[in-house]
Amino acid sequence: MEILFALIIGSLTASGVFLVLRARTFPVVVGLTLLSYGVNLFLFASGRLATGAQPIIGSTETYTDPLPQALVLTAIVIGFAMTAFVVVLALRSQADTEDDHVNGKIEATPPVDTEEHAEDAR
Amino acid sequence: MLTSAHMMALTPVILVCATAVTVMLGIAWRRQHAATALVSILGLNLALVSLYLVYSAGDVSTPLLVFDRLSMLGMVLVLASTLACLTMSHAYLEGYPGRKEEFYLLMLCAAAGGMVLVASQHLATLFFGLELLSMPLYGMLAYTYRDKRSLESGIKYLVLSAAATAFLLFGMALLYSQSGRLDIAGLLAGLESSGGGAWALAGAGLMLVGLGFKLSIVPFHLWTPDVYQGGPGPAATFLATASKAAVFIVLLRIVMVAPAFHVEWLHTVLGGLALLTMIVGNLLALIQTNLKRLLGYSSIAHFGYLLVALVVADGLAVETAGIYLITYLMTTLGAFGVVTLLSSPYSGEDASALHHYRGLFWRRPYLAAVLTVCLLSLAGIPFTAGFIGKFYIVALGVEAGRWWLVGGIIAGSVIGLYYYLRVMVTLYLVEPGMRGRDAPDNWGMKAGGVVVLGLALLVIAFGVYPTPVIDWMSVLTSPVH
Amino acid sequence: MTLALVVLLPFLGAIVAPLFAQAGRTAIAIASSLPPIVALAALYPHWSTLAAGGVLVQTHEWLPAIGLSLSFRLDGLSLLFALLILVIGVLIILYARYYLKKHENVGKFYSLLLLFMGSMLGIVLSSNLLLMLIFWELTSVVSFLLISFWNYKQDARRGARMALAVTGGGGLALLAGVLLLGQIVGSYELDDVLAAADTIKASSLYPVALTLVLLGAFTKSAQFPFHFWLPHAMQAPTPVSAYLHSATMVKAGIFLMARLYPALAGTELWFYMVSFTGMATLLIGAYTALFKHDLKGLLAHSTVSHLGLITLLFGMGTKLAAIAAVFHVINHATFKASLFMAAGIIDHETGTRDMRRINGLWQFMPHTATLAMVAAASMAGVPLLNGFLSKEMFFAESLNLNLPGIWAYLPPVVATLAGVFAVAYSARFIHDVFFNGKPVDLPIYPPHEPPRYMKIPVEILVFACVMVGVFPTFAIGPLLYAAAEATLAGPVPEYHLTIVHGFNLPLLMSFLAFFLGLLMYTQRQRFFDFHARFREIDEKAVFEAAVSRVVEWARRFIEVLENGSLQRYVLLLLLATLAVTIVPITSLGFNVGSLGISPIDLPTTVGSLILIGCALGAAAMHRERLYALILLSVVGLMVALTFARFSAPDLAMTQLSVEVVTIVLLMLALYYLPSWTPREASLFRRWRDAIIALVAGSGMFLITLAMLTRPLDSISRYFLENSVEGGGGSNVVNVILVDFRGFDTLGEITVLAIAALGIYAMLRETKLTAPPTDGQGHPWSTDAHPTILKQISRPLLPLALMVSAFIFLRGHNMPGGGFIAGLITAVAIILQYIASGMTWSHQRMPFNLQTPVALGLFIATATGLASFAFGYPFLTSTFSHIHWPVVGDFELASAMAFDIGVYLTVVGATLMILASLGRLTNQSEVKPGAY
C-alpha cells in the first residue's frame, strides 16, 4: 500500500514538474494543479495512512491523525484560489498578446543598458 | 481557549480586516476613490493606535498566534509600511483609467496577512498568513494589466510563488512527520526529543526555501528584478517593504525559538546564502540602469546583510535585526516613494529608467534631495539611518567572529558605494535638452509627497539620533519569557 | 563645548557660505574663511595647557547604547593637525577665490570645501573611535564630490569613483577594525583604548584588528598597493588637490597610525607590515614621479612617495622615528601645498600642465618661479629648508634599525635611493618648467604673473618652509614637542632640531642623494628611454578594466540566469532548492522504515494505477489540451477517492467539490486559449525536463516511502480527546477548523474572496473574442443553450441546494460543513449559467456578487465578536443540541453562524470567479453589456 501511495505522489510530482517547465500557460496551470495534488497528498501522508479510521468520534475504534488533514484542507482551498488567479492572468495575457506564452511578448529590451558601461569601458 | 485578553490582543488584526470589509462594502455601494483611500488610511491608523494599547497590555498567546514584543514590532513595521504605500497609491492611481478602489482592498488584505504572519506560532497560521499576504500581491502586481510588464510580473510572481509554496508545504510535512506537532515551539521540542536530524534538517531546509523565496535570498531571488520593474510602483514598494519585513520577522522567530536549528549545517547554509546574497545582489545591482531593478537588487543585498543576524542568532541578533529592518524600511520606502511619485499619476510604465533621473535636481530639487538622502542611507553613509544599521550588523558579525560574513558585508558595501553614488551623481548632472518623466508640480502638497519628505527627514533623524529607536528596540526585543 | 564648536563651525559655514554665492567670489571667500579663523581663535587659549603637556577632553553623550559619544580631545597631535587643516584651509580659500572662474559654481565649491574641513577636523579632534570613523567616512564622500566637481568631465567622475571605492572600502575595513578594538577593550574612548595597549597586543584578535585598522589607514594614505587612486584624484580642481590630496586628507591615515601608535605599535607584526609597506610606497612613488610629464602627476606621485616615507618612519617603531614622522608631516604639508598651488598658477596662466611644453617660465613669472623653486628645493631636501631637516632624521633612523644580517642595509639603501629620485624629480620640476629653453606652443601665450593675492598663500607657506629650515627650534620646536609627546603617550626622548649635526653618515647620504640625483636628471633621457621600454601601467585603466570585467561577469551571469524567462526561473528554483537541501535529503535514508508495508487490495490498486496513468498521461499529452484537461479531472477525482480510502472523508469531499469548480474554470479558460500547444521546445530541452521531472518524482517516491513507514507520535491525541467536550462536535477535522482554528478558516475564505475580487477587477473590462471554431476546425454549435441541458439542470438546482443544506447542517458531526456546502451550491448555480445563459440566471439573482462575499466575511468575523460580547471567547462554540428528523442529532453551535459566513463567502467568491469568466463568453454571443 505504502509503495502504491508513494508511486502516486512520485508520478504526480514528475508530471507536475515536467508541465511547469513548459512554455505555455495552460500546461503550466495543469502542472501546478498536479503538483498541488502531489503536495497535498504528501502533507496528508505525513499523518500516515490508515484504513477505516476516519477521525469522527464514535464511528470507529481507532482514529487517524486529523491534524494534517486540517492543514490539507487549507492547502486545497488556497491552491484553488491560486489556480483561479493564474488562469485569469493567463487569459488576460492571451487577450493582450494574442498568445499564451508564459513570458508574454515584450520586445526583448535587455535588462542591462549597455550604453553607459560601453562608454565606461572605453 | 480564547479569552477577552486574546480578544484585546487581536484588535489590531480585526481592525484591519474590518477596514477591508468596510472598503469592500463601500465599493459595492458606491465607488469613490478619495473616500476609499481615506477610510483605508484611517483604519490603518486606528490599528496602529490599538497596537499601542495592546502593547501596553502585555504578552498574550493563543495556540495559533502569539502577541509578544517581536510580533508587535512586526505589526508596527507592516502597518507603517502599508500606510506609506497606501498613501503613495492615491496620487499614483489618480491617473489610472480603470477601477482604483480594489487596489486598497487588496493592500489591506495583504497587510492583514502580514500581521497574522508575524504573530504566527503555528505552521497553519504561518502558511495561511503567508498566502494571505501573497494572494493580494498577485492582484496588486498585475493591477495595471494594460501594461504588459505588470501582467507578466504578476504571472511570474504567482507561478514561482506556487512552486515555493509547494516547497514550504513539503517542508512542513517533513517536520510534522518527524515531530507530530504543528505548533512551532512544540514542533521544535519534538524534533529535539526525537533527534531525527536528517528529517528535521530537510524540513527546515525546504521551509527556508519557501520563506527565502519571498525574501529573495540568492539563489531564490530570480523573480525579484523583473517583478519590481514590472509591477506598479506602490505594489513593488509593498513587496519590497511590508511583505519582506513580515516574512523576515517570522523567519527570525523560528530561528530564535529553535535550538534544534542551531546546528552547524544550518549555520553553514544560512551563512553561505547570506554571503552569496550580499555579493550577487550588489554585483548585479552594479550593472543596472533601471532604478527599480537596481533597488530590487539592492534590497536583495540588504537582506543578505540581514541574514547575518540569523546566522549569529544570539545576543544582540534580534535587536540588530530590528534596527536594520527599520533603517531598511525607512530608506527603501523613501527611494521607492520617489520612483512612485515620479510615475504619478499613472500613465503607463513607471518612470524607472535611470535616464529619467538625469538632472532631476534641476527640475525637482527637493525630490532629488530625498532620493539623495535615501541613496546615501542605502550606501550606509554616516548621519543617515543606513549607517546605524550597517554599524549594528558589522558589530554583530565582529562580535560573533564571523569573519567571512564581515568580509562579505565590507566587500558588498564597497560595491554598493560605487553604484549608489553613481546614481546620486546622475541626479545632479546638467544635461540640457534631457527631459525625463516628471512628478506633478504640486507633488509636495499631496499626501504621498509629504510621506516621502517625512521619510527622508526620518532617515536623517535616525542617523543622527537613533537613541529612542534603539532603546525601544532593546525593550521590544528582549525576551520576557 | 569649544572643541565641538570648532568642529561644528565649518559645517555651519558649509550651509551659510552658498548664500553668498550671488554676491561674488570675494564675498563668498571672505564668508568661507570666517569659520576657520574663528576656530583658530577658539583654539588659541588652550595652547598654554597643551604646551605644558596637558590634554583637553570634552565629552558629551550621544548614543550610549552603541558606545558612541561626542567626545573631543585636544592634545599636541590633534592640535598640530588641526592647525594644518585650519591654516592651510584659509590659504586655500583665498587661493581658490582666484583659481575658480566666474561662471563656475563657487557656492557648491566652498560649501564642499568647508564640509571637508569640518569632517577632517572631526577626525583629528575625535576622542571616540566611532566618532572618528563617522568623520572618516564623511571625508571619503566629500572627497568624492570634490574630485568630481567638474562632473561633466568623464575622467573626473571615474577618478572620483575610484577614490571613493578605495578609501570608502578602507573605511569599512576600519569600521570592522574599530569594532574589534572596542570589543577587546570594552570601550571606544581613546583614553581607554590607549590605556589598554597591553591587553590589545596580547589579544588573539590583535592581528585581525591591526590588519583591518591598517587597511583603513593605508587606503586613505595611498600606500602601496592602494596608492593608485591618488594620482587619478588629480582630476580635481587644484585647490582641492593641494588641500585634500597633499596636505590633509591623505594624512588622515598617517594621523590614525600616530593616534593609535601607543596602542598598536611596538610589535613585530606592526614593524613588518608598516615599514615594508612604507618602503615599497616610498620607492615606487619616487620612481614613478620622475617619469610623469604632467606637473600635478609628478607632485601626486611625489606625495605618494612622501606618505610612504612617513609610514616607514612610523613602522620603524622607535620613538625618534615617530618624532621624525610627525615632523615630516608638517614639512611635507607646507612645501607640497605650496608646490600644488604653484602648479595651479602655472596651469592657470599657461593653460597646460605638460612639462614638455612648459619651459623657461622664469622669464615670464619670476616671482612665482622663485617661490616654486624654494618649495621644490625643500622637497629635494636642500639644506636650510625644512625638508632637509626631517630627511636627515629619516636617514639617521634608517641606519638605526636592528635588522638581521644583510637586511640591515636595506633601509638605508632604500632611503638613499628614494632620496636620489626625489632630487631628480625636484630638479626636473625646477629646471624643466622655469628654464630649459622656450615654451612650446602654450595655449595661453605669453603667460604672466597671476593676480597679486593668488600668490599670498604660496608666499606664506614658502616663508614657513624657510623659517622652519633655518630656525627650527624657534619656529616649530614647542609644537613639535607637544605633538611628539601626544603621539608617544609618554616621555619624549632627547632630540635636536639643529641644521647640521656634524659630519656623519646621514649627511653623507644626503650628499650622495643630491649628487646622484642631479646626475640622474642630467642623464634623464637615458632613463626615459629605459622607462619607455616598459609598458606604462595606467592604474585607472587597470581599475576600470577590473570593474568592467566584473560588470561583464555580472552581465553574463544575468544573461544566463536572469533572462526574464519564467521557465528558466522555475528550473533554477528547482535546482537551487535541490542544491540547498541535497545534504539532509540524501541522508534521510531511503528505505522502508520500521512499520513495514501494509498489504494492498484490488480496488485500491486499480484506482492508484488509474491515477498514476492519468497523471503521466496528462504530462505526455499536454499538447492536446482538452485531453490533458480530461485526464486532469480524472486525476482530481482519484485523489478525492484516495483521501476517502485513507480515512479522510472531509478532504475527499472538499477535494471533489474544488475539483469540479477547477475543471469548470479550466474549461471556460480553454474556450479562449488555443486548444493545441505548438511544439516549441527542442528535443534536448524536452529530455532535460523529462529527466528533471523523473528525478523529482523518484525523489518524492523515496521520501514518501521512507516517511510512511516510520512511526509517528502526534499531538493529535489532544484534539481527539477534546473534540467532543471542547468543540461540541465529533468530526474532529471540522472541529479543529471551526473551533480551534477559527482564524485559519476565516483567513482561508478571505484568501478565496481576495482571489475572487482580484479576478473580478482584472476581467471586468476585458473583451476576449472567442475563436470561431474549436481546435479541430469544427464550428461551434449554434444552439447556445441546449434544451435538454436546460430542462435537466433546472430541477437540479433545488436538489443541489438541498444537498448542500444537508451537508452544511451535519457538518459538525459528520463530514461536511459550510465550505463544502458552499462549493456545491456554487457549482449548481454555475450549471444554470452554463445551461440557461448569463442573462436568464442574472434576472433571477439580481444582486451584486460582492455583497454575499462581504456579508459572509462580515458574519464570520462578527460571530466571533458577538460571542465575545456575550462573554464567550472568540469563536467558541456555545451549543445546544436539537434533534432533527432526517439529518439526525445536531447541535446549534455558535460556530454554525460562523459556518454560514463561510458558506456565503465561498458561494459568492466562487460564483464571482466563474461568472467573471463566463461573462466573457456571454459578451461574445449576446449583446454587450448584458450583465
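Just so it is clear, the structure is predicted and the values come from calculations on it, not from any experiment. In what follows, chains carry the letters A, B, and so on, assigned in the order in which the sequence lines appear, proteins first and then strands, with residues in each chain numbered from 1.
For the options C:Leu857, C:Leu180, C:Leu68, heavy-atom pairs under 4.5 Å to chain B are most numerous at C:Leu180. Annotation: maximal heavy-atom pairing with chain C below 4.5 Å, among B:Ala112, B:Ala163, B:Ser413, occurs at B:Ser413. Comparing B:Met424, B:His221, B:Met140, B:Glu131 by how many heavy-atom pairs each has under 4.5 Å with chain C, the most go to B:His221. Counting heavy-atom pairs under 4.5 Å between each of B:Val398, B:Leu25, B:Leu376 and chain C puts B:Val398 at the top. Listed options B:Leu283, B:Leu417, B:Leu174, B:Val280 were ranked by heavy-atom pairs under 4.5 angstrom with chain C; first place goes to B:Leu417. Between chain C and the residues B:Glu102, B:Glu399, B:Lys390, B:Glu101, the largest count of heavy-atom pairs under 4.5 Å involves B:Glu399. Of the listed residues (B:Gly139, B:Ala395, B:Ala411), the greatest number of heavy-atom pairs within a distance under 4.5 Å of chain C belongs to B:Ala395. Highest contact tally toward chain B, considering only C:Ala576, C:Gly168, C:Ala753, C:Ala165, is held by C:Ala576 [criterion: heavy-atom pairs under 4.5 Å]. Of the listed residues (C:Ser148, C:Pro64, C:Gly169, C:Gly170), the one with the most heavy-atom contacts under 4.5 Å to chain B is C:Gly169.
Heavy-atom distances place both the backbone and the side chain of B:Tyr465 under 4.5 Å from chain C. Residue B:Tyr297 touches chain C through its side chain alone, counting heavy-atom pairs closer than 4.5 Å. Interface remark: C:Leu130 contributes side-chain atoms only to the contact with chain B (heavy atom separation under 4.5 Å). Proximity to chain B is absent for every atom of C:Val178, based on heavy atoms less than 4.5 angstrom apart. For B:Leu160, the parts sitting under 4.5 Å from any heavy atom of chain C are the backbone and the side chain alike. Heavy atoms closer than 4.5 Å to chain C are found nowhere in B:Val13, neither backbone nor side chain. In this structure, chain B has heavy atoms under 4.5 Å from both the backbone and the side chain of C:Val570. Looking at B:Pro466, both its backbone and its side chain come within 4.5 Å of chain C, counting heavy atoms on both sides. With a 4.5 Å cut-off on non-hydrogen atoms, B:Leu206 touches chain C through its backbone and its side chain both. When heavy atoms are compared at a cutoff of 4.5 Å, B:Leu105 approaches chain C solely by way of its side chain, counted from C-beta outward. Only the side chain of C:Val141 comes within less than 4.5 Å of a heavy atom in chain B; its backbone stays farther off. Neither the backbone nor the side chain of B:Phe103 has a heavy atom closer than 4.5 Å to any heavy atom of chain C. Proximity to chain C is absent for every atom of B:Phe127, based on heavy atoms less than 4.5 angstrom apart. Heavy atoms closer than 4.5 Å to chain B are found in the side chain of C:Leu145, but not in its backbone. For B:Val159, the part lying under 4.5 angstrom from a heavy atom of chain C is the side chain only. Only the side chain of B:Ile381 comes within contact range of chain C, with at least one heavy atom under 4.5 Å from a heavy atom of that chain. Interface remark: B:Ile409 contributes no atoms to any contact with chain C (heavy atom separation under 4.5 Å).
Between C:Leu175 and B:Phe391, the shortest heavy-atom contact is CD1-CD1, 3.9 Å. Here the closest non-hydrogen pair linking B:Ala110 and B:Leu133 is O-CD1, 3.2 Å. What you find for C:Ser119 and C:Val142 is that their closest heavy atoms are OG-CG2, 4.4 Å.
Between the side chain of C:Glu137 and the backbone N or O of C:Leu133, no donor-acceptor pair lies under 3.5 Å. Side chain of C:Trp62 to backbone of C:Leu131: no donor-acceptor contact under 3.5 angstrom is found. Between the side chain of C:Ser565 and the backbone N or O of C:Arg568 there is at least one donor-acceptor pair closer than 3.5 Å. The backbone N or O of C:Arg161 lies less than 3.5 Å from no partner atom in the side chain of B:Tyr418, so there is not a single donor-acceptor pair.
Between B:Phe213 and B:Leu222, every side-chain heavy-atom pair lies at or beyond the 4.5 Å cut-off. C:Ile66 is not listed as a side-chain neighbour of C:Tyr188, based on a closest heavy-atom distance of 4.5 Å or more. Here the side chains of C:Val550 and B:Ile415 are not in contact, with every heavy-atom distance at 4.5 Å or above. The shortest distance between side-chain heavy atoms of B:Tyr138 and B:Ile155 does not fall below 4.5 Å. Annotation: side chain of C:Leu179 is not in contact with side chain of C:Leu212 (no heavy-atom distance under 4.5 Å).
Atom-to-atom distance recorded for B:Tyr176:OH and C:Met707:CE is 11.0 Å, nearest 0.5 angstrom.
Salt bridge present: B:Asp226 and B:Arg293 bring a charged side-chain N and a carboxylate O closer than 4.0 Å.
For C:Phe858, the CZ atom sits in a loose shell: 12 or fewer heavy atoms of surrounding residues, nucleotides or ligands are nearer than 6.0 Å.
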